[in-house]
Number of protein chains: 2
Amino acid sequence: MQAGEQTMVLSERKKKILAAVVDEYVRTAEPVGSKAIAAKAGLGCSPATIRNELAELVSLGYLEQPHTSAGRVPTPMGYRMYVNELMEKQRLSLEETEDINRRMNQKLRELDDTISDVSRLASQLTDYPALALTTRTTVTIKRFDIIYVDANTFIIVVMLSDNTVKNKLVKLPVSVDQKLVQRLSSLFNSGFTGITEDAVTPLLINSTERAADDTMGVTSVIAAFAIEVLTEAGAPSACVSGENRLLNQPEFRDPDKAHRLMGYLSGGGYILPPNANMDEAGEIKVLIGPENVAEELKDSSVVIATYDAGDNTRGMIGVVGPTRMDYSAVAAKLSILAAGLSRRLGGGEAPPEGMHNKLIIKGDTGNE
Amino acid sequence: MQAGEQTMVLSERKKKILAAVVDEYVRTAEPVGSKAIAAKAGLGCSPATIRNELAELVSLGYLEQPHTSAGRVPTPMGYRMYVNELMEKQRLSLEETEDINRRMNQKLRELDDTISDVSRLASQLTDYPALALTTRTTVTIKRFDIIYVDANTFIIVVMLSDNTVKNKLVKLPVSVDQKLVQRLSSLFNSGFTGITEDAVTPLLINSTERAADDTMGVTSVIAAFAIEVLTEAGAPSACVSGENRLLNQPEFRDPDKAHRLMGYLSGGGYILPPNANMDEAGEIKVLIGPENVAEELKDSSVVIATYDAGDNTRGMIGVVGPTRMDYSAVAAKLSILAAGLSRRLGGGEAPPEGMHNKLIIKGDTGNE
DNA sequence: ATTAGCACTCGAAAGGAAAGAGTGCCAACA
DNA sequence: TGTTGGCACTCTTTCCTTTCGAGTGCTAAT
């Protein structure tokens with residue numbers, strides 16, 4: 001963090017070595033030594049040479065040693081370099097891709113509880129805890145119907161601008177006239193469609209009440225539902241799955257540490273969309289260790305894919321794990337998931353199924 | 001398990017001692033010694049006397065020692081005795097009760113996603129993982145409406161016998177006549193109401209199709225939705241929350257052990273309703289260690305409260321933890337939750353709010 | 001029937017020695 | 001100048017031994 005921050009261009013060999021360290025450390029979770037690298041990475045030179053290089057990589061800030069005389073471990077900066085430049089963008093095999101798409105198809109029959117299903121799927125695929133979230137920006141009502149059931153029961157049905165439909169059964173303590181219900185239905189259908197939540201003012205409600213000649217206060221019940229629906233649909237929804245997979249990772253063998261992070265995650269993961277704003281769909285964002293804003297994530301990494309859920313809705317699926325994470329595989333898988341989601345939910349401008357690895361990976365600038 | 005199974009009546013003092021051991025062990029999670037009991041339980045006798053009694057309780061099968069020269073720990077049989085006879089049924093203070101009810105009220109505005117909210121609440125209250133599940137038996141359609149939106153779009157709205165309402169937006173590739181939709185709407189409303197899922201036969205669908213003069217295959221789309229709704233509503237739904245709280249318990253400090261159980265739980269907890277059949281609402285059932293059928297639960301305990309969700313629907317909320325569990329407090333809290341749910345969801349025959357501790361606790365017979 | 005006393009057991013904690021992995025550096029070499 | 005083998009050194013991990021203490025079981029006294 002302090003020394004050697006000036007971004008010098010690494011020699012080819014240094015890059016290869018750094019990549020080898022990351023790969024190996026990701027695989028084994030143990031500090032990797034010069035000998036192992038010499039054996040693995042096919043550059044024809046001896047452990048001693050590699051030791052020299054390693055020492056330099058340490059002083060440049062890409063690697064560190066848990067203690068003198070242990071192998072090297074990537075620093076966040078090292079991972080960042082790996083993710084930005086070194087990592088070979090993994091192309092999943094056709095089978096894998098198809099498998100993911102198949103499983104997605106199975107899940108996504110109804111696009112409503114999609115989020116939770118998708119996050120579960122992401123977690124299964126990656127074996128890390130996963131989270132899914134959606135932010136909608138402006139939602140309006142497209143259509144408003146009221147179904148008269150009996151004298152004190154009716155059903156409100158609202159179709160929103162994102163083509164979801166919400167309904168509510170209302171039971172009143174008093175009897176209402178079927179005519180009144182019909183009047184209200186058409187009044188709401190004309191007065192409350194196409195407007196945002198803010199536009200539902202007491203004024204509007206009052207005038208509707210008067211226009212409908214409603215003396216029983218039914219109007220306000222219906223209006224309350226309209227507001228509720230708009231609020232709820234406009235609010236971001238989040239969902240976390242597979243927290244327990246954290247326990248697979250050796251870095252979370254300490255129950256306290258695991259518990260802290262899991263608690264944070266099941267807390268809703270609200271705070272997760274880390275550097276705010278959702279980016280363009282299709283991009284993948286990687287946040288490594290201290291790059292995360294949330295204190296609880298400072299020594300974990302997050303990989304996030306953004307997808308386009310159509311009609312002003314942006315969604316993200318992400319995965320949380322130790323900094324020692326298989327970024328490449330995770331990114332590839334999330335990318336397919338996100339593409340699939342965009343294709344299904346989005347406006348249809350999404351790329352076709354084949355096109356699964358435009359893998360634009362992007363992260364922080366790297367400076368604190 | 002092998003010796004001393006004959007249920008002899010324990011002397012008063014043995015009971016007191018056993019209760020003291022359980023209480024203390026629940027509190028500290030460490031084997032409890034004769035000295036501690038002498039100090040705590042106010043029976044005026046010395047550690048030596050207690051040691052004699054303890055030895056007998058061990059040979060009777062109520063207690064065991066992790067090793068010679070450690071304190072005593074309750075066996076499942078010991079816990080069973082404690083739960084059945086010794087435990088003082090805990091009355092929560094008025095404040096606590098009110099707090100629970102208040103929090104329940106906050107959550108339960110909509111009775112739909114109730115289950116997940118309630119399980120979360122149960123977990124928060126008890127600090128153990130919680131699960132909620134519902135079994136519905138027979139659901140029928142009470143009312144069937146189709147809202148015509150435009151030539152290839154309509155909304156199906158179905159009201160079920162349990163007064164929930166489901167809807168689905170249907171987009172057709174072909175244009176349909178508004179008249180046809182109306183015809184279908186009334187045909188379904190007369191033909192598909194009051195019947196169970198089984199009764200939706202191809203025969204019925206065909207005759208409806210013919211009656212509606214439907215040549216576009218719209219009928220089958222609608223019928224498919226009807227089946228889907230009936231299936232889904234009739235299926236039990238389960239929900240687990242707060243798995244991570246398991247990590248609070250010292251017995252789950254071993255990550256592998258914790259992981260096993262958490263995995264089992266997030267697997268859906270299907271298999272949880274252990275000795276099958278839901279009992280009468282209001283009862284609390286305690287399953288201790290080996291009394292559980294699921295292998296994964298053999299050394300954990302489960303406390304389950306059943307509530308009446310009205311109209312053929314039985315629900316359960318339960319809590320999972322180590323056998324060393326604060327049965328009394330958990331039972332009391334679950335009891336209030338279940339009562340609250342019955343009151344809100346059930347037919348209304350539930351006891352009023354004040355009545356929160358009829359705490360009938362019941363478990364297995366205790367023999368394997 | 002209860003109790004004080006005491007030897008004994010067994011796990012948990014503390015200390016220490018040995019093993020092993022990996023480094024840093026130096027001197028030799030191409 | 002860059003690369004390599006060699007070697008001493010460091011630090012962790014592991015295993016063993018010792019110590020400590022809580023708690024028991026038994027016996028003899030009350």
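Throughout, protein chains are lettered first and strands after them, A, B, ... in sequence-line order, and every chain is numbered starting at 1. The model shown is predicted, which means the values in this text are computed figures rather than measured ones.
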**Study point:** For P255(A) against L247(B), the heavy-atom pair lying closest together
**Key:** O-CD1, 4.1 Å
Practice item. List the atom of L265(A), the atom of P129(A), and the distance in Å for their closest heavy-atom pair. Key: CD1-CB, 4.0 Å
Practice item. For the pair E64(A) and R72(A), find out whether any cationic side-chain nitrogen is under 4.0 Å from an anionic carboxylate oxygen. Key: no
Check your understanding: So which heavy atom on P47(A) is nearest to which on S34(A), and how close?
Key -> O-CB, 3.7 Å
Point to revise | For I284(A) against A331(A), the heavy-atom pair lying closest together | key: CD1-O, 3.1 Å
Study note, to complete from the structure: For nucleotides 8-24 of chain C, 5' to 3', base contacts (B), sugar-phosphate-only contacts (S) and non-contacts (-) with protein non-hydrogen atoms under 4.0 Å give -BBS---------BBBB
Review point. At their closest point, which heavy atom of V240(B) faces which heavy atom of S119(B), and how far apart are they?
Key: C-OG, 4.2 Å
Exercise for review: Quickly work out the I50(B) CD1 to dA4(C) C1' distance and round it to whole Å.
Suggested key: 15 Å
Check your understanding: How many angstroms lie between CD in E251(B) and CE in M325(B), if you round to the nearest 0.5 Å?
Key -> 10.0 Å
Study note, to complete from the structure: At a 4.0 Å cut-off to heavy atoms of chain A, the contacted part of DNA chain D spans dT3(D) to dT12(D)
Exercise for review: Evaluate side-chain hydrogen bond (donor to acceptor under 3.5 Å, both in side chains) for S328(A) paired with Y82(A), printing each intermediate quantity in order.
Suggested key: CA-CA 10 Å; S328(A) 160; Y82(A) 176 82; 5.7 Å; no
